[in-house]
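Have a look at the structure below, then the notes.
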Amino acid sequence: MTALAALIRRDIRIALRVGGGALIGVLFFLTVVVLMPFAVGPDLALLSRLGPAILWLGALLASLLTLDRLFMADHEDGSLDLITMSRTPLELACAAKALAHWLAAGLPLIVATPVLGLLLNLDMVATGAVALTLLAGTPALTFTGMIGAALAVTLHRGGLLMAVLVLPLSIPVLIFGVAASQAVIVGPMTFGAPFSILCALSLVSLVVGPFAAAASLRHGLD
């Protein structure tokens, strides 16, 4: 547990440095949300209906933007080989790295959501619903994206492969995250059903993601 805690602290410190990736994701999320009102126009009702989808799409793209550094930096400096050969199970190490990535890159997106919701004409209830769905769904984006990052770590131009692999797996999370948010704003669907499915997707990715990523790393580094 001490080794895992040290790995989480190390990855968070690296991510928060200039050029570490966390700040880039937040700035990209901010840019997407700020530009959307200019593209949609002055229709506040339309902007309010599209608000949850805009926030979720921005969070998905921002998460994908920073995932390529999840294992690549460790592979370039040799740290990944040390992690693989250490006594700590590789599955737990992958889970720790994904948790650190979510804390550094995913959690700031959720914190910024209430402020950005004002730009999309969302009231406090709708903004809270979107933030709650992002809190439940962004771990699924991180742990699912970790599989693609592990597959692409030893490949040239692996970022394109990662996008091709991760985006289809992220579509269910996007669908149920937006559906749960829209249920609060326009109905008629209840909030509980899509939100429960969203939580289930995160739990499944939390279990499957580390094992799939560890298997991909072992195969790619052999």
Which pairs with one or both residues in residues 134-146 pass side-chain hydrogen bond (donor to acceptor under 3.5 Å, both in side chains), sequence neighbours excluded? W102-T138

So which heavy atom on V32 is nearest to which on G58, and how close? CG1-CA, 4.1 Å

Restricting to pairs with a member in residues 117-133, which pass side-chain hydrogen bond (donor to acceptor under 3.5 Å, both in side chains), not counting sequence neighbours? W56-T133, T133-S181

Looking at every heavy atom in both M146 and C94, which two are closest together, and how far apart are they? SD-O, 3.2 Å

Report the residues that fulfil side-chain contact (heavy atoms from CB on, under 4.5 Å) with A39, sequence neighbours left out, ordered by chain and then residue number. none

If you look only at distance, which donor and acceptor atoms sit under 3.5 Å apart when one is on a side chain in residues 166-177 and the other is two or more places apart or in another chain?
{"from": "S170", "atom 1": "OG", "to": "V166", "atom 2": "O", "distance (Å)": "2.9"}

Mind checking side-chain contact (heavy atoms from CB on, under 4.5 Å) for A96 and listing every partner two or more places apart, or none if nothing turns up? L4, L7, I8

By ring pair (Phe, Tyr, Trp, His ring centres under 6.0 Å), F28 pairs with (sequence neighbours left out) none

side-chain contact (heavy atoms from CB on, under 4.5 Å) partners of T84, counting only residues at least two apart: L80, L90, L221

From T88 OG1 over to I83 CD1, what is the distance, rounded to the nearest 0.5 angstrom? 9.0 Å

Heavy-atom nearest pair, G145 first then L67, reads CA-CD1, 3.5 Å

Output for pair (L61 CG, L65 CG), nearest 0.5 Å, gives 8.5 Å

Hey, can you pull the donor-acceptor pairs under 3.5 Å for the side chains in residues 203-212, sequence neighbours left out?
{"from": "S205", "atom 1": "OG", "to": "L201", "atom 2": "O", "distance (Å)": "3.2"}
{"from": "S205", "atom 1": "OG", "to": "S202", "atom 2": "O", "distance (Å)": "2.8"}

Provide the closest heavy-atom pair for S216 versus L151 in the form atom of the first, atom of the second, distance. OG-CD2, 3.3 Å

Side chain to side chain contact (heavy atoms under 4.5 Å, CB included), that's the test. Do V184 and V125 meet it? Break it down for me. CA-CA 8 Å; V184 176; V125 175; 3.6 Å; yes

Looking only at heavy atoms, which two atoms of L165 and G148 are closest? And how far apart? CD1-CA, 4.5 Å

Contacts under 3.5 angstrom, residues 105-115 side chains, donor-acceptor by atom type, not counting sequence neighbours:
{"from": "T113", "atom 1": "OG1", "to": "L109", "atom 2": "O", "distance (Å)": "2.8"}

Give the C-alpha distance, both sets of side-chain angles, the deciding distance and a yes or no for side chain to side chain contact (heavy atoms under 4.5 Å, CB included) between L122 and S48. CA-CA 6 Å; L122 296 177; S48 178; 4.0 Å; yes

If I take atom CD1 from residue I24 and atom OG1 from residue T66, how far apart are they, to the nearest 0.5 angstrom? 8.5 Å

Worked verdict on L55 versus F29 for side chain to side chain contact (heavy atoms under 4.5 Å, CB included): CA-CA 8 Å; L55 289 170; F29 183 53; 3.9 Å; yes

Side-chain heavy atoms under 4.5 angstrom apart, residues restricted to Ile, Leu, Val, Met, Phe, Trp, Tyr: same cluster for V26 and V34? yes

What pairs of residues pass the salt bridge (charged side-chain N to carboxylate O under 4.0 Å, His left out) test when at least one of them lies in residues 189-209, not counting sequence neighbours? none

With sequence neighbours left out, the residues meeting salt bridge (charged side-chain N to carboxylate O under 4.0 Å, His left out) with R13 are none

Quick one: do L120 and L50 satisfy side chain to side chain contact (heavy atoms under 4.5 Å, CB included)? Show the steps, please. CA-CA 8 Å; L120 300 174; L50 295 178; over 6 Å; no

